[in-house]
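Presented below is the structure to which this report refers.
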Amino acid sequence: LRALSDIQQTAFNWNETSGAVVGAAPGQLTISQKEYKRNIRRNKKMQSQNELRNLLQRIDHKSYPAYKDTRGSYDFGNYVLSIDHVQGDPFAAPSKVSVHVRGGAAKFPADLYRMKCRRLAVCDYLLRQFGRELERVSFKAKGSGKSGLLAVSRPGQEVLERTACQMDEAKGDLVLRFEVGFPANGRTVNARELEKIFFTFLPECVSHSLFYKALDEKAVYRAADLAEDQQYIRDHLKEQGLVAFVADASILPRESGVSGRPMKDAVKFTAPESMKVSFVLPHAGKIQGMGIKKGITLIVGGGYHGKSTLLKALELGVYNHIAGDGREYVITDDTAMKIRAEDGRSIKKVDISMFINDLPNGKDTSAFRTEDASGSTSQAANVVEAMEAGAETFLIDEDTSATNFMIRDELMQRVVNREDEPITPFIDRIRELYEQYGISTILVAGSSGSYFHVADCIVQMNRYKPQEITAFAKEEAGRFPLPEVKPPKQAAPGFERAVRPDRAFKEDARMKLKTMGRDGISINRDTIDVRYVEQLADTEQLAALAYFLKYAEIHVFNGKRTLRESVSLLMQYVEEHGLAAVTESSYVPCGLAMPRAQEIFACINRYRRISL
């Protein structure tokens, strides 16, 4: 059983009578007792580092496939080196390698890994340290193609759960996964250069970055303590009636449009006195900042004064951030979703009738379908899909919204009779969304003052400094009354869409999964466009989404479970068995990061081959 666990990188239970192995989907893996014992005998013996050295010397100058013999685990004393997958060619994707350090050897104090948020922060810190060490020695071993490459996940500003570095919550055992380009001369094994990597470069990297005593203890604790403080705020938002918090002295502007690092000499955030709230954190003590209450909050101001910058910080506030990011204490309700128009996306059986009704062609909007949605239709679908995904806060920017979905001014209503307009604008439903469904909205507006009438709180950004102007804005809005409009009563949208599996997944076990930066996912020849799912923060989240989708197609979607039930089952499975379990691979990929349930919903909704 331990042998199988090593192979599959997950926990298994084996039924001796039936031979069924439980750990993934029922019936996924069945073995005979004889095969079970043979696997144990084959994998139980841990090879020594000298055996690896002898093996490398034996295969030197042979054809490249001889490297396949190196697969296995090797004891290097204070850690175990596992060669999990060997590339077939020096120009192919690099080999997958992992380092396993027992908790007794790593000696991280238990208070660093017993709490999940602290454990993830420590793993993030170790991964960055190990990455710096690898960068120093990458390509020092020479050869053809990717020979000598040493690479590991490169996290951005967000702290995410990743397969690249994992720590056991019980004993503190540590696993770090990375890639190595096995050296070659042409297509001939260059084992002497690989020997340098495994016996010179890698031991130095491991000893400098994966053992507690070799690290800056204060820095490790700072990372863990910050994560616990961030989680404390997140856990206590609701009890203070808040959907978001932005601490004083936060730095919201970024270095550039393609960089997540903070802008130098940026204006520090200061909360308006009327919106100040405080938290007493477990480690940082008392902290003050702007609390955004549940309800409808409007962010206004002139161009380039920081409206969208604040909203962008709130969008990514669903994740924890590293120290020095400037947004360490920008914390948002972790179900919040950014809503925008998305011309051209496909929509499948979504009930958008609360926003769009009585179409001239008579098309049913209670189960709306299209392969090429308009701006207003796509935004209506995005709202309803976010409701289905359990979002309790909407984040909306006027700049990325469909104008006719957001508002119809008085003159337009006079010229185009309301009875001739199938769209019920968002402004007519925003109060209903909060009062009936408990969904708050934070909206950036720069051109239309109509939302002054419905907002509970109005914040003006002036040179990146917020000012609360609710009373003044309401007084001015009174001089420009909106026509009294009662939107048509509408039943709550239905969320009973059942997901039917695609036969192609069951018929082709070797489907090709590929990510295209943060823009999309490729499954064989089909592309899922997620570039407008703006809260995806890392390409590794897209890689994980591809595996989630493939696993769901094979094991979860059955034409009976609803989309909500399917995603819930997926999240429960990952919670119990770990992120890597959805890959069903003989080794754990080193480049996966955990997405939120909301992004899993978004990915499924945008996959054109899904049948709903």
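The number of heavy-atom neighbours closer than 6.0 Å to NZ of K514, taken from other residues, nucleotides and ligands shown, is 12 or below. Other residues, nucleotides and ligands contribute more than 12 heavy atoms inside 6.0 Å of the CD atom of E576. Around OH of Y304, the count of heavy atoms belonging to other residues, nucleotides or ligands within 6.0 Å does not exceed 12.
Using a 4.5 Å heavy-atom cutoff, the side chains of F394 and I430 are not in contact. Between P94 and V180 there is no side-chain heavy-atom pair separated by less than 4.5 Å. Annotation: side chain of N605 is not in contact with side chain of I347 (no heavy-atom distance under 4.5 Å). Proximity of V97 to Y587: side-chain heavy atoms (C-beta onward) are nowhere separated by under 4.5 Å.
Between Y64 and F182, a ring centre-to-centre spacing not shorter than 6.0 Å is recorded. Residues F245 and Y329 place their aromatic rings such that the two centres sit no closer than 6.0 Å.
Salt-bridge check for E135 with R154: passed, with a basic side-chain N closer than 4.0 Å to an acidic carboxylate O. Taking the charged nitrogens against the carboxylate oxygens, E540 and R162 do have a contact shorter than 4.0 Å, which makes a salt bridge. With respect to the salt-bridge test (charged N to carboxylate O, under 4.0 angstrom), the residues R429 and E432 qualify. Between K312 and E315 a salt bridge is recorded (basic side-chain N to carboxylate O distance below 4.0 Å). At a threshold of 4.0 Å, the pair E179-K146 does not count as salt-bridged, since none of the basic side-chain nitrogens sits closer than that to a carboxylate oxygen.
Within the 3.5 Å criterion, the main-chain N or O of E575 finds no donor-acceptor partner in the side chain of H577. Checked by atom type and distance alone, the side chain of S440 never pairs as donor or acceptor with a backbone atom of I296 at under 3.5 Å. In terms of modelled atom types and a separation under 3.5 Å, the side chain of R606 and the main chain of A602 share a donor-acceptor contact. In terms of modelled atom types and a separation under 3.5 Å, the side chain of N524 and the main chain of K512 share a donor-acceptor contact. Checked by atom type and distance alone, the side chain of S250 never pairs as donor or acceptor with a backbone atom of L252 at under 3.5 Å. In this structure a side-chain-to-backbone donor-acceptor pair under 3.5 Å is present from Q541 to A537. Looking at Q598, its side chain does come within 3.5 Å of a backbone N or O of A389 through a donor-acceptor pair. At distances below 3.5 Å, not a single donor-acceptor pair connects side-chain atoms of R234 with backbone N or O atoms of I331. Q379 places no side-chain N or O within donor-acceptor distance of the main-chain N or O of S401, the cut-off being under 3.5 Å. No side-chain donor-acceptor contact under 3.5 Å links T400 to the backbone of A341.
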Item to check | Step-by-step side chain to side chain contact (heavy atoms under 4.5 Å, CB included) determination, M571 to V574 | outcome: CA-CA 5 Å; M571 297 301 288; V574 170; 5.8 Å; no
Item to check | Trace of the salt bridge (Lys or Arg N to Asp or Glu O under 4.0 Å) decision for K96 with D84 | outcome: CA-CA 6 Å; K96 307 300 186 275; D84 304 315; over 6 Å; no
Item to check | Intermediate values then yes/no, side-chain hydrogen bond (donor to acceptor under 3.5 Å, both in side chains), N357 and Q490 | outcome: CA-CA 10 Å; N357 249 319; Q490 197 69 39; 3.2 Å; yes
Next on the checklist: Go through it in stages, so that I can follow the logic: the residues are R254 and D325, the test is salt bridge (Lys or Arg N to Asp or Glu O under 4.0 Å), and I'd like the CA-CA distance, side-chain angles, deciding distance and then a yes or no.
Outcome noted: CA-CA 9 Å; R254 298 295 93 187; D325 173 75; 3.0 Å; yes
Checklist entry - Where do K238 and E392 land on the salt bridge (Lys or Arg N to Asp or Glu O under 4.0 Å) test, with the steps shown first? => result CA-CA 11 Å; K238 286 186 178 180; E392 296 180 12; 3.3 Å; yes
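Note on residues 366-379: pairs passing salt bridge (Lys or Arg N to Asp or Glu O under 4.0 Å), not counting sequence neighbours, are E371-R608.
In this structure, a donor-acceptor pair under 3.5 Å is present between the side chains of S374 and T377. Checking Q87 against S95 by side-chain atom types alone, a donor-acceptor pair falls below 3.5 Å.
F368 carries K363 over the face of its six-membered ring, with the cationic atom under 6.0 Å from the centre and within 45° of the normal.
For the side chain to side chain contact (heavy atoms under 4.5 Å, CB included) test with N382, the passing option among M337, R345, K338 is R345; the others fail.
Residues meeting the side-chain hydrogen bond (donor to acceptor under 3.5 Å, both in side chains) test with S259, sequence neighbours left out: E255. A search for salt bridge (Lys or Arg N to Asp or Glu O under 4.0 Å) contacts involving D529 returns R531, not counting sequence neighbours. Residues passing the ring pair (Phe, Tyr, Trp, His ring centres under 6.0 Å) test with F548, sequence neighbours excluded: none. Scored by the ring pair (Phe, Tyr, Trp, His ring centres under 6.0 Å) test, F601 finds no partners at all (sequence neighbours excluded). Under the ring pair (Phe, Tyr, Trp, His ring centres under 6.0 Å) criterion, F130 pairs with F178, sequence neighbours left out.
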